[in-house]
Amino acid sequence: MGQGLKQNNLYLLGAPGAGKGTQAQQLSALLHIPQISTGDMLREVRSQGGELAATLSSLMDSGKLVPDGLVVDLVRKRLSRPDCQGGAIFDGFPRTDDQAKILDQLLVEQNRTPLKVVMIDVPVDELKRRLVDRLTCPNCNRSYHAVDYPPRIPYRCDVCGATLVTRSDDNLHTIEKRLEAYFRQTAPLINYYEKQKSLIRIDGSKKIPDVFASILSCL
Ligand code: AMP
């Protein structure tokens with residue numbers, strides 16, 4: 001990886017429902033760098049069935065994190081693909097202190113520019129409200145909201161036309177567990193990146209285009 005190459009390595013940090021995936025997709029289209037969503041990659045592995053899929057389902061549907069080693073392997077492989085030469089948008093990774101350290105190390109090893117971290121801040125009640133009524137496209141991973149951002153045709157993805165689903169972890173019980181995991185294991189990364197002086201906080205409670213504009217204004 002040439003150091004002279006202009007790269008954007010962005011990490012969107014935030015709780016489930018903060019809008020990381022939605023913003024990452026839009027940033028990816030604008031900046032022409034791929035979104036690396038570990039959640040999407042794990043759901044893809046899970047959809048292939050087998051023993052690993054069963055383990056993943058049980059962890060993900062109970063709102064627990066998947067072991068670091070597995071997630072890091074997926075990210076390492078994804079980063080080695082040529083489309084990541086100009087950088088990547090990390091969505092949902094890192095989620096633990098160890099993952100953050102491994103990512104820092106990977107970026108150094110691969111001579112990549114350091115991460116810019118955008119923390120998308122949303123109050124807990126609003127996160128829950130968004131997640132319970134979220135609809136997801138299982139084909140292109142776009143998210144909708146039954147009230148705030150309904151699809152043009154009920155239950156059809158505006159972009160690819162696939163039938164929208166409710167993710168198996170978007171139920172109130174699992175949402176609570178996912179939020180607990182976020183506050184216990186991921187939120188401490190705010191401090192980690194603040195110490196590195198690489199963290200920018202933005203108000204994620206606004207409408208999607210306004211949040212997008214806030215992110216762009218700090219890049
Ligand atoms: P997400 O699509 O980002 O909401 O992730 C859905 C689920 O996938 C999480 O609740 C975790 O079980 C798992 N997951 C996604 N990313 C990670 C990660 N970086 N580390 C561990 N587990 C993850």
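Each ligand, and each atom within it, is numbered from 1 in the order the structure gives. One-based numbering along the sequence shown.
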Legend entry - Heteroatom distance test (V66, ligand 1): nitrogen or oxygen, under 3.5 angstrom: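 Yes: some nitrogen or oxygen of V66 is under 3.5 Å from one in ligand 1.
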Which bit of [X] is near ligand 1, meaning a heavy atom under 4.0 Å away: side chain, backbone, both or neither?
X    : answer
M60  : both
R167 : side chain
L42  : side chain

Inset, instruction - Decide whether the shortest distance between a heavy atom of V71 and an atom of ligand 1 is less than 4.0 Å. - result: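 A heavy atom of V71 does come that close to ligand 1.
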Inset, instruction - Compute the minimum heavy-atom distance from K20 to ligand 1 and say whether it is under 4.0 Å. - result: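 Under 4.0 Å: no for K20.
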[X] heavy atoms, cut-off 4.0 Å: which ligand 1 atoms fall inside?
X   : answer
K64 : 11 (C), 12 (O)
Q99 : 18 (C), 19 (N), 20 (N), 21 (C)
R43 : 2 (O), 6 (C)

Inset, instruction - Apply side chain to side chain donor-acceptor pair (under 3.5 Å) to T166 and R134, showing your working. - result: CA-CA 7 Å; T166 296; R134 178 162 74 172; over 6 Å; no
Inset, instruction - Verify the cluster assignment for I208 and L31: are they in a single hydrophobic cluster under the rule of side-chain heavy atoms below 4.5 Å apart? - result: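 No, I208 and L31 fall in different hydrophobic clusters.
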Legend entry - Distance (rounded to the nearest 0.5 Å) between L13 CG and L199 CG: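 With rounding to 0.5 Å, CG (L13) is 6.5 Å from CG (L199).
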Inset, instruction - Return the option from Q185, R178, R95 holding the heavy atom at the smallest distance from atom 5 (O) of ligand 1. - result: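 Checking each option, the heavy atom nearest atom 5 (O) of ligand 1 is found in R95.
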Inset, instruction - Taking all heavy atoms of L127 and all of G17, pick out the closest pair and write down the distance. - result: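 Of all heavy-atom pairs spanning L127 and G17, the closest is CD2-C, 3.6 Å.
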Inset, instruction - Report the residue from D83, T38, D73 that forms a side-chain hydrogen bond (donor to acceptor under 3.5 Å, both in side chains) with R78. - result: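 It is D83; the other options fail the test.
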Legend entry - D68-T96 side chain donor-acceptor pair, cut-off 3.5 Å: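 Yes, a side-chain donor-acceptor pair sits under 3.5 Å.
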Legend entry - Distance-only side-chain donor-acceptor flag, Q196 / D104, under 3.5 Å: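 A donor-acceptor contact under 3.5 Å links the two side chains.
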Legend entry - Protein residue, atom and distance nearest to atom 16 (N) of ligand 1, heavy-atom basis: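 Looking only at protein heavy atoms, the one closest to atom 16 (N) of ligand 1 is T38 OG1, 2.8 Å.
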Inset, instruction - Measure centre to centre between the rings of F93 and Y11, then say whether the value is under 6.0 Å. - result: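 Judged by ring-centre distance (under 6.0 Å), F93 and Y11 do not meet the cut-off.
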